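This is a predicted model, so every value here is computed, not measured.
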Amino acid sequence: MVVAVGSSVTGLGPGDRVITYLAPTLPPSDETALPGAAEIFAGLGQRVDGTLANQMLITQHGVIKGPSNLTPVQAATLTCSGLTAWNALFGVSGREIKKGDWVLVQGTGGVSIAALQFAVAVGANVIATTSSEEKAERLKELGARHVINYKETEDWGEAAKKYTPGEKGVDMVVDVAGNSSLVQSLAAVRTDGIICLVGLLGKFDAGTIPMMSALWRPCIVRGVLLGSRKQYRNLVRFVEEKAVVPVMDDVVFGLEDVKEAYKRMEEQKHFSKIVIKIEE
């Protein structure tokens, strides 16, 4: 929540509930500008202090008004994984995910769960992967049509493809693992579909990536780093209009428990977003 503003700040005032934009150095004159690695590395938690604090001083270009239907803790989940998932699903004009489309998400991390929720909200069919039967049930509860255990099914890309009408493949893959999963993503996507590379959770030494596979299955392989301010505002409106409530991990940590929060993430015990709640 905004406590005070400087004399040159416009559009924001004390009492406004805001959410952070991780690339505040991106020129605010162009709302459609997408951040690259340079802007991300110069952003919050990098060259600019992060948000693990009771109060912080931040440029007005580093925040936007948050959704009116969410608590501060829920809204905080949108700043990185939420915006990344939104950009992946709806960031290409004319190719936005819509009702009836098929989307493949990988695992149960923040981006994957956000993508699942957003896709389900527009009526798309979601296929998800996990290695846990317990998490598989939760994925189904959130609306996944099919769940594949990637440890039991080696060729899970082909398995996902078989779930789609005519076994043509999915319209979009939200790939969070990078090198270690791209082979399977290429196997799952339909001709002229889209693979969004949004993370590097897999092994870096996964071997040569067969990009020539994209020649035999013509598709778009698109890198996604966060999103633009315009996309962020569209995401906020979407969450309000569709009454989307972001899924959070079962365990909520306090500011004094930060090390335990990071440990839970490293041990991959979490489901969706790990939250560190800072009392106002």
To the nearest 0.5 Å, how far apart are NZ in K65 and CZ in R233?
-> 10.0 Å
Give a yes or no on whether the backbone of C80 and the side-chain of T84 come within a donor-acceptor separation of less than 3.5 Å.
-> yes
Report the distance from atom CD of E133 to atom CD of E152, rounding to the nearest 0.5 Å.
-> 6.0 Å
Considering all heavy atoms of both residues, which atom of A85 and which atom of A114 are nearest to each other, and what is their separation?
-> CB-CB, 3.8 Å
Any link between V174 and L142 through a network of hydrophobic side chains (Ile, Leu, Val, Met, Phe, Trp, Tyr) touching at under 4.5 Å?
-> yes
Does the D257 side chain pair with the main chain of E260, one donor and one acceptor, at a distance under 3.5 Å?
-> no
Polar side-chain atom of E39 near backbone of G36 as donor-acceptor pair, under 3.5 Å = yes
Heavy-atom check, side chain of V221 versus side chain of L197, under 4.5 Å = yes
Shortest non-hydrogen contact from L116 toward A144 = CD1-CB, 4.1 Å
Look at the side chain of Q46 and the backbone N and O of I40, then say whether any donor-acceptor pair between them is shorter than 3.5 Å.
-> no
By side-chain hydrogen bond (donor to acceptor under 3.5 Å, both in side chains), R47 pairs with (sequence neighbours left out) none
How many angstroms lie between CD in Q184 and CG in L104, if you round to the nearest 0.5 Å?
-> 10.0 Å
So, do V122 and L89 sit near enough that their side-chain heavy atoms are less than 4.5 Å apart?
-> no
Validation row: R138, F271 side chains within 4.5 angstrom (heavy atoms) = yes
Which residues, ordered by chain and number, are linked to M265 in its hydrophobic cluster, where ILVMFWY side chains connect at heavy-atom gaps below 4.5 Å, directly or through other members?
-> L52, V251, F253, L255, V258, Y262, I274, I276, I278
Check: M56 and D49 side chains under 4.5 Å, non-hydrogen atoms | no
More than 12 non-hydrogen atoms from neighbouring residues, nucleotides or ligands closer than 6.0 Å to CD on E154, yes or no?
-> no
Where the side chain of D101 meets the backbone of A124, is there a donor-acceptor pair that is under 3.5 Å apart?
-> no
Side chain to side chain contact (heavy atoms under 4.5 Å, CB included) assessment of Q117 paired with V239 | CA-CA 10 Å; Q117 289 190 276; V239 167; over 6 Å; no
Side chain S272, main chain G109, donor-acceptor under 3.5 Å | no
Locate the shortest heavy-atom distance separating P24 from L44; write the atom from each residue and the value.
-> CD-N, 4.2 Å
Could you pull out the closest heavy-atom pair between G66 and E240, with the gap in Å?
-> O-OE2, 4.2 Å
Do the side chains of V120 and V111 join up, straight or via other hydrophobic residues, at under 4.5 Å, putting them in one cluster?
-> yes
Does a side-chain heavy-atom distance below 4.5 Å link V73 with M248?
-> yes
Does L226 belong to the same Ile/Leu/Val/Met/Phe/Trp/Tyr cluster as V63, with side-chain heavy atoms less than 4.5 Å apart forming each link?
-> yes
Under 4.5 Å between any side-chain heavy atoms of V9 and V2, yes or no?
-> no
Mark yes or no for whether T25, through its side chain, and A42, through its backbone, hold a donor-acceptor pair below 3.5 Å.
-> no
Take V173 and C196, measure what side chain to side chain contact (heavy atoms under 4.5 Å, CB included) needs, and give me the verdict at the end.
-> CA-CA 6 Å; V173 182; C196 289; over 6 Å; no
Taking all non-hydrogen atoms of both residues into account, name the closest pair between N69 and Q74 and its distance.
-> O-OE1, 4.4 Å
Rounded to the nearest 0.5 Å, how far does CD1 of I194 lie from CD of E96?
-> 9.0 Å
What do you reckon, are the aromatic ring centroids of F118 and F90 less than 6.0 Å apart?
-> no
Within the distance-only criterion (no hydrogens, no angle test), does the side chain of N125 pair as donor or acceptor with the backbone N or O of G100 below 3.5 angstrom?
-> yes
First locate atom CD1 of I127, then atom CG of L139, and finally report the distance between them rounded to the nearest 0.5 Å.
-> 12.5 Å
Are any of the side-chain heavy atoms of D175 and Q106 separated by less than 4.5 Å?
-> yes
Do the side-chain N and O atoms of S8 and Q60 include a donor-acceptor pair separated by under 3.5 angstrom?
-> no
Is V236 reachable from F238 through a run of hydrophobic residues whose side-chain heavy atoms are each under 4.5 Å from the next?
-> yes
Linked, directly or transitively: W156 and Y163 (ILVMFWY side chains, under 4.5 Å) = yes
If you measure from CH2 on W102 to NZ on K168, what distance do you get to the nearest 0.5 Å?
-> 13.5 Å
Would you call P67 and V244 a side-chain contact if the rule is heavy atoms closer than 4.5 Å?
-> no
Where do S228 and P35 come nearest, in terms of heavy atoms and distance?
-> N-CD, 4.3 Å
Heavy-atom donor-acceptor pair, R229 side chain to L26 backbone, under 3.5 Å | yes
Looking at R264, K135, K273, which one forms a salt bridge (Lys or Arg N to Asp or Glu O under 4.0 Å) with D249?
-> R264
Steps toward side chain to side chain contact (heavy atoms under 4.5 Å, CB included) verdict (I220, V92) | CA-CA 11 Å; I220 297 171; V92 178; 5.6 Å; no
Side-chain donor-acceptor pairs under 3.5 Å in residues 10-23, sequence neighbours left out?
{"from": "D16", "atom 1": "OD2", "to": "G13", "atom 2": "N", "distance (Å)": "2.8"}
{"from": "R17", "atom 1": "NH1", "to": "E280", "atom 2": "OE2", "distance (Å)": "2.9"}
{"from": "Y21", "atom 1": "OH", "to": "G227", "atom 2": "O", "distance (Å)": "2.7"}

Given the rule in the side chain to side chain contact (heavy atoms under 4.5 Å, CB included) test, do I113 and T108 qualify, once you have shown the distances and angles that lead to the verdict?
-> CA-CA 6 Å; I113 296 300; T108 56; 4.3 Å; yes
